[in-house]
Amino acid sequence: MKISFKLLLSTIVVMALALGFSGFYFVNYVFETSLKREIGQASDESSVLRFAFETAVLNVPARYSVLPDTTVEEIASNLERGGRSTSRLIRIADERKEVLHTSDGFAADERLLQQTEPDAKSYRIIETQGSYYVHTCAAINALGRILYLETMKDVSEVFTERAMGFSLYRKVTLLMLLVGTVIMHFIAALLTKPIRLLTRATRRMAGGDYAYRARQVSRDELGQLTCDFNRMANALEENIAILEEENEAKEEFMGAFAHELKTPLTAIIGYADMLRSHRLDEEKSFLSANYIYTEGKRLEAMSFRLLDIIVAKKGEAELSEVQTAVFFAYLKEMFTEENRGMQFVFSCEDGSVWAEENLIKTVLVNLIDNACKASEPGSTVRVRGMWVEEGYRFEVEDEGIGIPLKEQRKITKAFYMVDKSRSRSKNGAGLGLALCAEILRIHNSELTIQSEPGCGSCFGFVLGE
Ligand code: ADP
């Protein structure tokens with residue numbers, strides 16, 4: 001069942017109960033008040049008649065020591081008509097409760113008469129021939145006799161009013177329920193609109209439309225829910241985009257990896273086949289075996305690099321305080337004009353950084369190696385270390401071929417080479433900068449590249465002190 005329908009149904013039930021009970025209570029209250037008033041009037045009338053009877057008895061001639069029945073009847077019929085257009089309904093009974101006089105139309109039975117004590121007054125509500133009456137009974141003390149006077153007062157109007165009240169209230173209740181249902185239908189539709197919009201958004205997203213968002217139409221809890229849902233959808237969309245990107249990167253990596261394996265393997269297989277199927281002279285045999293050895297070495301170096309990247313990706317750096325001079329001493333020893341045919345200028349500000357020494361050495365060696373590969377023999381490579389606002393900055397600057405701007409974003413991807421044949425000829429496989437990026441990531445740092453084709457490049461990164 002729809003929530004708007006549940007809301008509508010529960011409101012109708014509550015409204016029906018509230019209107020029903022309040023209506024019943026109100027009409028009944030009016031009825032009881034009117035009936036009480038009528039009973040009071042009937043009782044007053046009974047007292048007045050009793051008094052009138054007793055006064056009339058005082059005028060009975062003194063020769064009677066006991067009031068005769070005929071006089072009682074006479075007084076009763078006088079009282080019946082006394083000063084009114086319609087005759088009263090009365091009944092007089094003697095001390096043995098035998099009826100002496102009954103008005104025409106007095107239809108009450110004698111139950112009340114039998115129950116009434118000589119010193120008491122009583123009443124009850126009776127219904128005869130579709131009309132309601134207040135039936136009263138009271139004793140009269142007349143000339144040594146105890147007589148009983150009964151009256152009947154018509155109160156049918158009060159009962160008719162109650163029936164009309166109930167009927168009117170039923171109609172009003174029905175009308176109010178009808179109007180209430182229509183109004184509540186719109187209110188329920190309005191209140192549940194955010195839920196409908198959320199449902200639509202959920203379905204659209206489940207169908208793959210991750211950019212779809214639910215419209216926020218209120219500022220209440222449901223509005224907050226919509227807002228939170230949209231925030232969740234944003235996070236989901238971002239994560240999906242990241243996953244897609246990662247998946248794409250993985251596929252790219254696999255493709256590049258397969259390609260990088262294929263070229264040396266084809267050569268190795270070719271030379272090995274030649275060695276086993278032809279009788280080659282000594283020189284050719286050496287060249288073939290040497291080719292197999294060099295390509296094998298290249299594959300081995302590549303697999304070590306890949307392993308290093310995987311380890312760096314998964315691992316964490318074991319940081320310790322390292323003097324910056326330690327790095328420069330190591331680099332100065334490793335890169336000399338004699339062994340590289342290049343000019344190296346090292347400048348280092350003193351201090352210490354938090355780093356895993358060997359990993360940062362790997363980064364610096366890779367960067368200087370790349371600078372050498374990109375430069376003409378004899379040109380200068382500058383390696384600097386300086387304090388900046390964020391920490392200690394290492395820079396490797398060359399005067400080499402440079403890197404076009406659109407390539408700069410890609411060169412840290414595994415197997416990416418700007419000029420494949422040039423890189424391969426220099427024993428590159430496009431893994432060095434990918435490894436550097438991973439190492440710097442676990443040091444909470446990143447590689448910055450400033451480069452212009454033909455003018456050289458400057459690679460740098462900052463470490464915390
Ligand atoms: P490689 O093993 O090929 O050197 P890297 O990941 O270290 O792999 O470098 C990726 C590519 O970035 C290189 O193939 C090269 O094209 C480019 N590159 C890296 N450093 C420099 C540099 N200093 N100057 C110009 N190009 C560079």
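In each ligand, atom 1 is the first atom listed, and ligand 1 is the first ligand listed. In this chain, numbering begins with 1 at the start of the sequence shown. Fair warning: this is a prediction, and the values are worked out from it, not measured in the lab.
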Quiz prompt | Which residues share a ring-ring contact (aromatic ring centres under 6.0 Å, His included) with W354, sequence neighbours left out | solution =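 Residues passing ring-ring contact (aromatic ring centres under 6.0 Å, His included) with W354: none at all.
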
Check ligand 1 for N or O atoms under 3.5 Å from a protein N or O and list each pair with its distance.
unit_1	atom_1	unit_2	atom_2	d
ligand 1	2 (O)	A429	N	3.2
ligand 1	2 (O)	G430	N	3.3
ligand 1	3 (O)	G430	N	3.2
ligand 1	4 (O)	N370	OD1	3.0
ligand 1	4 (O)	K373	NZ	3.1
ligand 1	6 (O)	G432	N	3.2
ligand 1	6 (O)	L433	N	2.8
ligand 1	7 (O)	N370	OD1	3.2
ligand 1	7 (O)	N370	ND2	2.8
ligand 1	7 (O)	L433	N	3.3
ligand 1	8 (O)	G430	N	3.3
ligand 1	14 (O)	S423	OG	2.7
ligand 1	16 (O)	V418	N	3.2
ligand 1	23 (N)	D398	OD2	2.9

Self-check item: From CA spacing to verdict: side chain to side chain donor-acceptor pair (under 3.5 Å), T192, S4
Solution: CA-CA 6 Å; T192 53; S4 58; 4.5 Å; no

Self-check item: Residues E446 and R441 bridged, charged N to O under 4.0 Å
Solution: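 Salt bridge: no.
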
Quiz prompt | Candidate pair H443 and L319, rule side-chain contact (heavy atoms from CB on, under 4.5 Å), full reasoning | solution = CA-CA 8 Å; H443 278 81; L319 302 182; 3.5 Å; yes

Quiz prompt | Ring-face cation contact, F31 with R162, 6.0 Å cut, 45° max | solution =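 Verdict for F31: a cation-pi partner in R162.
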
Self-check item: Side-chain donor or acceptor of N339 paired with backbone N/O of T336 under 3.5 Å
Solution: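 Side chain of N339 to backbone of T336, a donor-acceptor pair under 3.5 Å: yes, one is there.
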
